[in-house]
Protein chains: 2
Amino acid sequence: MTVTKQLHPALDEHTAAHVAELFRAFSDTSRVRLLSALSRQETNVGTLAEMIEISESAVSHHLRGLRQMGLVIARRRGKEVFYRIVDKHILTLFEQGVRHVRQE
Amino acid sequence: MTVTKQLHPALDEHTAAHVAELFRAFSDTSRVRLLSALSRQETNVGTLAEMIEISESAVSHHLRGLRQMGLVIARRRGKEVFYRIVDKHILTLFEQGVRHVRQE
DNA sequence: ATAATACATGAGTATCTGTTCAGGCGTTAT
DNA sequence: ATAACGCCTGAACAGATACTCATGTATTAT
């Protein structure tokens, strides 16, 4: 039985691009604050804007991106639109980053 | 007795900025490929450049950033400089992102 | 010493990103 | 119907980012 040294190639460009895209969702201060809010509870746009102190428009733009990536989902109730994080794994990934930063 | 609605604040700006910075390290296709290579084994700059098909200069620039963030560390052996990922938690975080992308 | 190799660095540049602003759309109140 | 409210959207712009190119710095070979 021959023991060949497994030469693992790096990630192909396509996969790497997707991974980068995922992490890019967490790579902006405002979005991190958005997601930290949403990680606690479903929240509407206006409240999010207040919490993180950017305009509703800016919040909307960020949420659109996150929505298009399938990371958050919207639910309308009356005039307000509530957002929440879709995937539990995403939440875990995000929180792990937060934890890492906190302990050092 | 008044029932006040507990308003969990979002992450403060300072912490959020650090979290964003961490994730930003993984938010570029080339860096993802770099890190995926390094996640398998310590590698020198030239080899990395070959593997991910960008110039040595570009690799150097990326590695400088990662080094300054304390995510990778350099070790010189002769003319070559080998890089590796410093922290196991960082590695885990990165790999979790990769896994998430792969299964969908 | 001189040249060659491997990598680092700064400047310059094209592209990307986050924000604001102005206006639009859907829902509710009057 | 009309106004008010909450949110969305596209354009425009400032700042950030990733790359190339030219050059610089260690280290090794001749």
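In this text, all values refer to a predicted model and were calculated from it rather than measured experimentally. Each chain gets a letter, A, B and so on, in the order the sequences are listed, and its residues count up from 1.
Of the candidate nucleotides C/dT17, C/dT9, D/dC8, D/dC8 has the atom nearest to the side chain of A/Arg67. The A/Asn44 side chain lies nearest to D/dC7 when the options are D/dC7, C/dT27, D/dT27. Which of C/dA6, C/dA8, D/dG6 sits closest to the side chain of A/Glu80 comes down to D/dG6. Comparing atom distances between the A/Ser57 side chain and each of C/dA22, D/dT27, D/dC21 picks out C/dA22 as nearest. Here the side chain of B/Ala58 is nearest to one of C/dC7, D/dT9, D/dC19, namely D/dC19. Here the nucleotide nearest the side chain of A/Lys79, chosen from C/dG26, D/dT20, D/dA11, is C/dG26. Considering only the side chain of B/Arg64, C/dG10 comes nearest among D/dC19, C/dT19, C/dG10. Comparing D/dG6, C/dA8, D/dC8 by their nearest atom to the side chain of B/Val45 picks out C/dA8.
At the heavy-atom level, B/Arg24 lies under 4.0 Å from the strands shown only through sugar-phosphate atoms.
Following rounding to the nearest Å, B/Arg77 (CZ) and C/dC7 (P) show an atom-to-atom distance of 12 Å. Across the protein-nucleic acid pair, B/Phe26 atom CZ and D/dT17 atom P stand 16 Å apart, rounded to whole Å. If you measure from atom CG of B/Asp28 to atom P of C/dA14, you get 19 Å, rounded to the nearest angstrom. The interatomic distance linking B/Glu53 (CD) with D/dC19 (C1') rounds to 16 Å, in whole Å. Put simply, CG on B/Leu48 is 15 Å from C1' on C/dA8, counting in whole angstrom units. Computed from coordinates, the A/Arg75 CZ to D/dC8 P distance equals 14 Å when rounded to whole Å. Taking atom CD of residue A/Gln68 and atom C1' of nucleotide D/dC8, one finds them 12 Å apart after rounding to whole Å. Spacing between atom CD of A/Glu56 and atom P of C/dT20 amounts to 12 Å, rounded to whole angstrom units.
Two residues, A/Arg76 and A/Ser27, neighbour DNA chain C, and the one matched to the more 5' nucleotide by heavy-atom proximity is A/Ser27. If you find the closest nucleotide of DNA chain D to B/Ser30 and to A/Phe82, the one lying nearer the 5' end belongs to A/Phe82. Both B/Tyr83 and A/Arg31 sit near DNA chain C, but only B/Tyr83 has its closest nucleotide nearer the 5' end.
Between the side chain of A/Arg67 and the backbone N or O of A/His62, no donor-acceptor pair lies under 3.5 Å. Side-chain atoms of B/Arg33 come within 3.5 Å of backbone atoms of B/Ile52 as a donor-acceptor pair (strictly under, hydrogens ignored).
Between the side chain of B/His61 and the base of D/dT17, no donor-acceptor pair under 3.5 Å is found.
Side-chain contact check for B/His61 versus B/Ser57: some heavy-atom pair is nearer than 4.5 Å. Using a 4.5 Å heavy-atom threshold, the side chains of B/Tyr83 and B/Val81 count as touching.
Between the side chains of A/Asp87 and A/His89, a donor-acceptor pair is found at a separation under 3.5 Å.
Using bins of under 30°, 30° to 60° and over 60° for the plane-to-plane angle, the ring pair B/Phe23/B/Phe26 lands in the perpendicular bin.
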